[in-house]
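Heads up, the thing below is written out as structure tokens.
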Number of protein chains: 2
Amino acid sequence: MNHKPLLDYINKYINLTVEEETILISKVVLRNYLKDQYISQQGDICKSANFIISGCTKTFHVDMAGQEHIVMFSVEDWWTSDLGSFISQTPADFNVQCIENTQLIQFTYDNLEALYTALPKLERLFRKIIERAFIASQKRIIRNFSLTAKERYLIFKEAYSEIEQRVPQYMIASYLGITKEFLSKIKSQIIHNQ
Amino acid sequence: MNHKPLLDYINKYINLTVEEETILISKVVLRNYLKDQYISQQGDICKSANFIISGCTKTFHVDMAGQEHIVMFSVEDWWTSDLGSFISQTPADFNVQCIENTQLIQFTYDNLEALYTALPKLERLFRKIIERAFIASQKRIIRNFSLTAKERYLIFKEAYSEIEQRVPQYMIASYLGITKEFLSKIKSQIIHNQ
DNA sequence: AATAAATGTTAATCTAGTTTAACATCATTT
DNA sequence: AAATGATGTTAAACTAGATTAACATTTATT
């Protein structure tokens, strides 16, 4: 099937033997979602941790006023899930929705727990992955406090230029924590270099 | 010495034998810092991961305008360090400073790496600790986007009432991402219930 | 090709939170 | 007890970004 991207990714963190790779592959499922389909929904228990082979997802929270707030976009070679819901098997705070047709490799909760036992090396892998995610999240909090919306947009553009091409602007505004109208204004300011 | 709080804490996540506890203790150092002392400084490489036995620290970033932004407070039974700097041994984005006299247990980078090899169980421990930290961080991003400053303050008060008692108000304002003057205004609004 | 739906822009008005600055209170040191 | 420094309050003027609403452009559907 199409597990190579996952195995290549894992081998950047830890080394698996061919037998270990076989065990791992036996416990995962390859799935296809269409654009707009939900992988996981706010209020439900998030059933899988997902590694993206192709496509793009957004992870977002709908607040009490009905407003969407995007916490992350995920593309090829990234993970997507509501981690809080997944690890504690409690109702999710976030929706995970495909914004392109998306192919991913799913780890269910029980299968991942079984894999941790069968392949203790995976503890290290996921420790390292989550360390990085946590660090990025802390830095984002600081950027949100210390930078203006324009500065944050320019950093986003620089860091995730491919994502910017693939995603409608009103979603980028949501990710940056501003309205689509204000992002529009920022872009026109940049064009007329003010 | 005074390792019991750390061992009790660890035993909530994983079970260590007495021999394993001995190995762990042999690789850590108990240290005392005075109020206002820095455990780690922005620009330096963060040399330790620290478990707090007693006291309180703040982790903050100083931006280009010289403004302080607090990302977290840490008290007894929590960890404190610039994780990004620590795990990649690169210059820190954050300062970690004691806001009370603080006693803590330090894991240096090399000792922690050695411990991961000697006691692979610790990978699971730190995986779980960081999972929780990441989840809290993601939720905070959403709260910062979807709630007003007053709502965020009330949630902080509810969740961390003991910290509120121990820390000056201007630091709480910094943690909430607002000015001390505006926090003052919010508090007076709450008193006169508006 | 025409229509509808989704996405993006512009501009006026409004507001949550900042800035500045003066003053008040509390704690610590001499 | 006085003096100094740290912390907290109040109020007026200001601004980054939100809201509303009308319109423009692009994309998808018939």
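Below, chains carry the letters A, B, ... as their sequence lines are ordered, and counting in each starts from 1. Keep in mind that what you see is a predicted model, and the values were worked out from it rather than measured.
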Heavy-atom distance under 4.5 Å between the side chains of A:Y116 and B:R127, does that happen here? yes
May I have the distance from A:I178 (atom CD1) to C:dA16 (atom P), rounded to whole angstrom? 19 Å
Here the distance between atom P of D:dA18 and atom CD1 of A:I186, to the nearest Å, is 8 Å
Could you tell me the separation between the CD atom of A:Q189 and the P atom of D:dA16, rounded to a whole number of Å? 9 Å
Ring-plane angle category for A:W79 and A:F107, please: parallel below 30°, perpendicular beyond 60°, tilted otherwise. tilted
A:K180 has an atom NZ; how far is it from atom P of C:dT10, in whole Å? 14 Å
Ignoring the backbone of B:T179, work out which of D:dT10, D:dT19, C:dT18 is nearest its side chain. C:dT18
A:I105 versus A:I53: any side-chain heavy-atom pair under 4.5 Å? yes
Pairwise side-chain contact, A:F156 with A:I163, heavy-atom cut-off 4.5 Å (strictly under): yes
Assign each of A:T148 and B:K35 the nucleotide of DNA chain D bearing its closest heavy atom; nearer the 5' end lies the nucleotide of B:K35
Specify the separation, in whole Å, of atom NZ of A:K185 and atom C1' of D:dT20. 14 Å
Can you figure out which of C:dG8, C:dA16, D:dA18 approaches the side chain of A:S184 most closely? C:dG8
Closest-nucleotide 5' rank along DNA chain D - winner of A:E181 and A:A149: A:A149
Are any non-hydrogen side-chain atoms of B:E164 and B:I172 less than 4.5 angstrom apart? yes
Rounded to whole Å, the CD-P distance (A:E151 to D:dA16) equals 11 Å
d(CD, A:E68; P, C:dT7) in whole Å: 11 Å
Any non-hydrogen side-chain atom of A:F86 less than 4.5 Å from a side-chain atom of A:L112? yes
Check the distance between D:dT9's P and B:H192's NE2 and give it to me in whole angstrom. 11 Å
Among residues 159-170 of chain B, which ones have heavy-atom contacts with DNA chain D below 4.0 Å? B:P168, B:Q169, B:Y170
Taking atom types as modelled, is there a side-chain donor on A:T108 or A:D110 under 3.5 Å from an acceptor on the other? no
